[in-house]
There are 2 protein chains.
Amino acid sequence: MAEGVNIKRLAQELNISIATVSKALNDSYEISLKTKNRVWTLAKELNYTPNPAASNLRSHKTKTIAVVIPCVANNFFSLSIKGIEEIARQYGYHVLIYQTHENIKMEIEFTNSLLSGRVDGILTSVSSSEHNSEYYKTLVKKVPLVFFDRVYEDLEAVKITTDDYDIAFEATEHLIKCGCKRIAYLYGLENLPAGKARFNAYQDALKAHNIALDDELVIRYHEDEDVNFESVKQLLKAVKPDALFSSIEEFIIPSYLACKELNLNVPSAVKILSFSNMDTAKILNPSLTTITQPAFEIGREAAKCLFKILNKKELEERSIVLKSILIKRESTNI
Amino acid sequence: MAEGVNIKRLAQELNISIATVSKALNDSYEISLKTKNRVWTLAKELNYTPNPAASNLRSHKTKTIAVVIPCVANNFFSLSIKGIEEIARQYGYHVLIYQTHENIKMEIEFTNSLLSGRVDGILTSVSSSEHNSEYYKTLVKKVPLVFFDRVYEDLEAVKITTDDYDIAFEATEHLIKCGCKRIAYLYGLENLPAGKARFNAYQDALKAHNIALDDELVIRYHEDEDVNFESVKQLLKAVKPDALFSSIEEFIIPSYLACKELNLNVPSAVKILSFSNMDTAKILNPSLTTITQPAFEIGREAAKCLFKILNKKELEERSIVLKSILIKRESTNI
DNA sequence: CTGTTAGCGCGTTCAA
DNA sequence: TTGAACGCGCTAACAG
């Protein structure tokens, strides 16, 4: 029934011009309420839906935004998408998803493919593999773009991030107050501001409490999860830390499994603290303390900013920083 | 640089007609290799990308598919999307995401909004809130549509599902062999074939082992997680089961928390077994046995089927059933 | 308030 | 082998 119903057809049936129908459907002030009503009722009757391609071609508006992220199968990003989608619906927008898998080439390829007018704007959380701000420097001039969570420091752009430094500092202090002296750091997102801020906060907190830094206590994320497992195991055996501060949730599983294999009780022998948006972290109580980023809110804020830009509204801030939450666990409580 | 580059521009620069450029770009047999090469090189030079709206308007092909699911912030669905995206990329397709939040009205609204030619095809996992096969009965005739995981039984359509009955039977038997006699069932997806199959398998397995069914051992999923927590707690207190078979992963957290609150050791006092795609389930070893659905593969298969349909290729099967895996845990091993 | 006209960028006749 | 012309469905100027 909806097949082949276009404004031309509506115009014919109502004996008015195509332009009038178009204006009526867009609720233009030029059209009388009476005519509008006639058009609207017939449109509903015939189940008319505008052809998006035609309207886009003419108006240069796609009613579509793109989300370019490393991966959807990740608690943080899937929650962000949920937030983005919610806002997009409010504005009647559609949401395209692109996963880069931390591959900078795909990131560029996808983003370029969006430049031909497929979307009105883009939300991006950059890949951690390489630094690529030159590319984005020219890109932000071509298309409305909002960065969220994973951003580049040296880039003039609209950014939604979290208080990585502050919360990591607080978390480190928490471990110290729990009596930990040899806190290992599982370093992720090295190439990004978020990763660096977390690591700096860890170091600064140790210094502030007169605890010597020790390079041996730091291990770096590897994309092969077996390697991470081995690294953590090696660390636990060789350096004997009393806590593991995991800066990304990908380190949680190898941490637990390594402790288990070495018969190290969590949290009495080794405490584990991690950035994480896993719901299941609740079950790991009392052994896991988590830093939870407001992923859903980040998605919402990022989308809101983008729509402000699209609607040419003034942004109060070009950079918004949301607060994370440190969820302490029973036995690690002070 | 890519701004305003269209076939008209290419035609002008090369002193040939627009039509020739169009044909050359589409590698038409009518055009000489020499001309094609001239066009292709210039196109690359000027960074030409075709306008998707225009080409869609003309050709009725959008190079876009939609995924309509209850929620992305869910281990199963986010993995499915990952699989879908991977296949879509291979075909040069774009992926739109719509979350219904188990709301049948949104499901219909979204799906209808896609009928005006915004996408070439749809992948759907239906909402569990209500039965709605009448709607889909007419829909499948209008647009290429593949159902995955959550489907309607009484619907002639292409479906990708998993072996819910078999695996739930195997899981129940596993619990029985571990010595459990009073296995509680946490019932989710009641309105869907998957949910019913799991429950039937549970009952049939008990019968096969001459264990009496007991309605008191069954509780049903409620969307308010506090209610679920209370239900499980109540169940544990009043009926004293020796195992909880959770048919959806949403029951895992309330199950653990309830056991904890009642000081019931898992798995020695109560065993927990659940459908789940959580990576972190690994940590819960030895207390949790999981049934893991091949979410990623389901996404891939569903997408593959859809593209076969779009390319008018013959489908070998209109219904594909993939195998789930029962991951047994140490202490519950036989 | 309503209608006429002219494209948006592309693909597909059909004629040369 | 190429090109001129038309139209997909809609919106935006401009007339009336």
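Proteins get letters first, then strands, A, B, ... in listed order; numbering begins at 1 in each. These values consider heavy atoms only, across backbone and side chains, with no hydrogens, waters or symmetry-generated copies.
The stretch residues 132-162 of chain B participates, sequence neighbours left out, in these ring-ring contact (aromatic ring centres under 6.0 Å, His included) pairs: B/H131-B/Y152, B/Y136-B/F147, B/Y136-B/Y152. For residues 53-74 of chain A, no pair satisfies salt bridge (charged side-chain N to carboxylate O under 4.0 Å, His left out), with sequence neighbours left out. Pairs engaging residues 309-320 of chain A under the salt bridge (charged side-chain N to carboxylate O under 4.0 Å, His left out) rule: A/E156-A/R318, A/K308-A/E316 [sequence neighbours left out].
Partners of B/T161 by side-chain contact (heavy atoms from CB on, under 4.5 Å), not counting sequence neighbours, listed by chain and number: B/V151, B/V321. Residues forming a side-chain hydrogen bond (donor to acceptor under 3.5 Å, both in side chains) with A/T111 (at least two apart in sequence, or on another chain): none. Residues satisfying the ring-ring contact (aromatic ring centres under 6.0 Å, His included) test with B/F296, not counting sequence neighbours, are none. Residues meeting the side-chain hydrogen bond (donor to acceptor under 3.5 Å, both in side chains) test with B/S129, sequence neighbours left out: B/S127. Under the ring-ring contact (aromatic ring centres under 6.0 Å, His included) criterion, A/F110 pairs with A/Y98, sequence neighbours left out. Residues satisfying the ring-ring contact (aromatic ring centres under 6.0 Å, His included) criterion with B/H60, sequence neighbours excluded, are absent altogether.
C/dG7 atom C1' lies 12 Å from atom CG of B/L57, rounded to whole Å. When rounded to the nearest whole Å, the span between CG of B/N51 and P of C/dG9 equals 7 Å. The nearest whole Å value for the distance from the CD1 atom in B/I31 to the C1' atom in C/dG11 is 12 Å. For the pair A/R118 CZ and C/dG9 P, the interatomic distance rounds to 16 Å; values are reported in whole Å. Taking atom CD of B/Q12 as the reference point, atom C1' of C/dG9 lies 13 Å away to the nearest angstrom.
As judged by a 4.0 angstrom heavy-atom cut-off over every strand, A/N56 is placed among residues making no nucleic acid contact.
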Show me the protein contacts with nucleotides 3-6 of chain C, counting only N or O atoms at under 3.5 Å.
from: C/dG3; atom 1: OP2; to: A/S17; atom 2: N; distance (Å): 3.0
from: C/dG3; atom 1: OP2; to: A/T20; atom 2: OG1; distance (Å): 2.8
from: C/dG3; atom 1: O6; to: A/K23; atom 2: NZ; distance (Å): 2.4

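Annotation: side chain of B/V5 is not in contact with side chain of B/N47 (no heavy-atom distance under 4.5 Å).
Nucleotides of DNA chain D lying under 4.0 Å from heavy atoms of chain A occupy a range whose first and last members, 5' to 3', are D/dG9 to D/dC14.
No option in B/L306, B/V119, B/L96 other than B/L306 meets the side chain to side chain contact (heavy atoms under 4.5 Å, CB included) test with B/I65.
For the OP1/OP2 pair of C/dC10 and a distance below 4.0 Å, the side-chain nitrogens and oxygens of B/Y48 include at least one atom meeting the criterion. Residue B/N6 places at least one side-chain N or O closer than 4.0 Å to OP1 or OP2 of C/dG9.
Against DNA chain D, the stretch residues 32-44 of chain A makes no heavy-atom approach under 4.0 Å.
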